[in-house]
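Here's the structure, in structure tokens; my notes come after.
Just the heavy atoms: all of them, side chains too, but no hydrogens, waters or symmetry mates, feed the values below.
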2 protein chains.
Amino acid sequence: MTTMRKSRKRDRILEILRGTRSHPTAEWVYGRLRRESPHVSLGTVYRNLGQLAEHGIIKRIDFGSAVERYEANILSHHHFVCERCGSVADLEVPVDESLTRKLSQAAGVKADRHEIRLYGTCAACARKGRKG
Amino acid sequence: MTTMRKSRKRDRILEILRGTRSHPTAEWVYGRLRRESPHVSLGTVYRNLGQLAEHGIIKRIDFGSAVERYEANILSHHHFVCERCGSVADLEVPVDESLTRKLSQAAGVKADRHEIRLYGTCAACARKGRKG
DNA sequence: TTGAGTGCAAACTATTTGCAACTGG
DNA sequence: CCAGTTGCAAATAGTTTGCACTCAA
């Protein structure tokens with residue numbers, strides 16, 4: 001993680017992201033930024049979003065990898081995701097179906113299911129030492 | 001969603017997936033399948049995994065899109081994901097931090113945070129009609 | 001001055017698709 | 001026989017990277 005110098009582009013990218021309630025893609029941010037900086041490159045947007053995320057100023061939301069994963073267990077269940085190696089494991093705990101209704105009502109949305117993801121370090125990675 | 005004929009390859013793909021507790025990628029399944037069918041193509045694996053998922057026989061785990069999304073809200077919060085259009089919205093409900101510990105203990109893993117994702121149909125999509 | 005930031009284009013990776021041959025019902 | 005399945009290769013889509021140039025500290 002390198003130190004961050006100040007940059008007009010990055011500032012604007014952050015402002016754009018802060019100015020929306022949606023959870024935009026890099027492409028969307030690029031489109032917005034291009035209105036004021038027609039020559040900005042998509043690479044710059046990716047680089048800056050990545051840096052901002054690395055510094056904890058914004059968040060990237062996905063499973064930590066863009067790769068699709070599949071599982072044969074189609075019963076509702078939750079997952080544990082290792083933030084070091086990206087491995088995924090099923091949680092051996094019962095799913096509280098009523099939580100979907102409770103959360104939906106509280107949040108004012110219409111959902112028919114929910115999934116919980118626990119994030120941490122898996123046993124294998126923990127064994128390999130504490131450095132990141 | 002087309003009808004599914006029986007196919008040796010698809011049967012094996014399903015068996016391979018059922019034979020692991022990991023949550024493999026298409027590439028991983030491909031590697032396994034190639035041990036017994038050296039000429040199988042990656043396209044076949046993708047097509048079959050996709051079909052099995054479409055028919056609800058297996059599950060695909062991700063946000064419904066392989067595109068990375070970013071958000072400026074770095075405080076812990078949950079999300080609502082529309083299964084029609086893939087849009088993501090923050091849930092305006094407080095996060096129960098103690099749930100991380102409770103779930104971790106019950107599942108026997110070491111996690112330091114959790115995230116809940118509600119899945120359903122967003123208001124905009126619901127308005128556009130019931131067909132899907 | 002010097003290392004970070006940028007535009008541009010090329011490279012990469014994961015996934016999808018067109019096509020001709022094959023196969024199950 | 002006919003629609004679904006497959007291998008192969010080419011095409012996409014999203015993301016990353018090398019390079020030369022610019023800019024901030």
Side-chain angles (χ1 to χ4, degrees), chain A residues 1-17 22-55 57-71 85-88, chain B residues 1-17 22-55 57-71 85-88:
Chain A
M1 181 156 75
T2 64
T3 59
M4 276 206 295
R5 195 167 280 187
K6 189 151 107 74
S7 115
R8 191 69 59 85
K9 294 280 159 57
R10 188 159 48 233
D11 289 349
R12 286 299 299 135
I13 287 173
L14 182 54
E15 283 172 27
I16 287 171
L17 195 55
S22 73
H23 297 64
T25 62
E27 193 73 43
W28 186 92
V29 174
Y30 173 58
R32 280 302 182 88
L33 187 55
R34 211 167 24 168
R35 290 183 192 169
E36 54 200 67
S37 305
H39 287 282
V40 71
S41 85
L42 192 49
T44 294
V45 173
Y46 274 108
R47 273 186 291 234
N48 281 314
L49 285 172
Q51 277 191 66
L52 289 167
E54 245 189 298
H55 286 260
I57 299 166
I58 65 173
K59 280 204 297 190
R60 200 181 223 139
I61 37 181
D62 62 7
F63 249 158
S65 105
V67 184
E68 281 180 5
R69 286 169 175 279
Y70 300 85
E71 62 183 353
C85 68
S87 67
V88 179
Chain B
M1 182 154 74
T2 63
T3 61
M4 276 206 295
R5 193 166 282 185
K6 189 151 106 73
S7 115
R8 192 68 61 84
K9 293 280 159 56
R10 188 160 46 234
D11 289 350
R12 285 299 298 135
I13 287 173
L14 182 55
E15 283 172 27
I16 287 171
L17 195 56
S22 74
H23 298 64
T25 62
E27 192 75 42
W28 186 92
V29 173
Y30 174 58
R32 281 302 183 87
L33 186 55
R34 209 166 27 166
R35 291 181 192 171
E36 54 199 65
S37 304
H39 287 283
V40 71
S41 85
L42 192 48
T44 294
V45 173
Y46 274 107
R47 273 186 290 234
N48 281 313
L49 285 172
Q51 277 191 67
L52 289 168
E54 244 189 299
H55 285 259
I57 298 166
I58 65 173
K59 279 204 297 192
R60 201 181 223 141
I61 37 182
D62 62 7
F63 249 158
S65 104
V67 184
E68 283 180 3
R69 287 169 174 279
Y70 300 85
E71 63 184 353
C85 68
S87 66
V88 180

* Take B:Gly43 and B:Met4, find for each the nucleotide of DNA chain D with the closest heavy atom, and name the residue whose nucleotide sits nearer the 5' end. => B:Met4
* For the pair made of OH in A:Tyr70 and P in C:dA14, what is the distance, rounded to whole Å? -> 13 Å
* To do: Map B:Arg60 and A:Val40 onto DNA chain C by nearest heavy atom, then report which one ends up closer to the 5' terminus.
  => A:Val40
* To do: Figure out the CD1/P separation between B:Ile13 and D:dT6, and round it to whole Å.
  => 7 Å
* B:Ile16 side chain near B:Trp28 side chain, heavy-atom distance below 4.5 Å -> yes
* Structure fact -> Quick tally for nucleotides 19-25 of chain C: nucleotides whose base has a protein heavy atom under 4.0 Å get B, sugar-phosphate-only ones S, the rest -, giving ----BBS
* In whole angstrom, give the distance that lies between atom CD of B:Gln51 and atom C1' of D:dA3. => 12 Å
* Taking only side-chain nitrogens and oxygens of A:Thr44, does any of them come within less than 4.0 Å of OP1 or OP2 of C:dG7? -> yes
* With side chains defined as the heavy atoms from C-beta onward, is the minimum distance between B:His39 and B:Arg34 less than 4.5 Å? -> no
* Taking atom C1' of C:dT6 as reference, at what distance in whole Å does atom CG of A:Asn48 sit? -> 9 Å
* Between B:Arg69 and B:Val88, is a side chain to side chain contact (heavy atoms under 4.5 Å, CB included) present by the stated rule, with each step listed? -> CA-CA 9 Å; B:Arg69 287 169 174 279; B:Val88 180; 3.9 Å; yes
* **Gap between atoms CZ and P, on B:Arg69 and D:dT15 respectively (whole Å)** => 10 Å
* Structure fact -> note: B:Leu52, atom CG; D:dG4, atom C1'; distance rounded to Å ~ 14 Å
* Structure fact -> Rounded to whole Å, the CG-P distance (A:Leu42 to C:dC12) equals 18 Å
* Under a 4.5 Å cut-off applied to non-hydrogen side-chain atoms, are A:Tyr30 and A:Val40 in contact? -> yes
* Asked: Atom CD of B:Glu68 to atom C1' of D:dT16: distance rounded to whole Å?
  -> 11 Å
* Mind checking whether B:Asn48 and B:Thr44 have side chains closer than 4.5 Å, heavy atoms only? -> yes
* What residues form a salt bridge (Lys or Arg N to Asp or Glu O under 4.0 Å) with B:Glu15, not counting sequence neighbours? -> B:Arg12
* Structure fact -> Per nearest nucleotide of DNA chain D, the residue lying toward the 5' end, B:Arg10 or B:Pro38, is B:Arg10
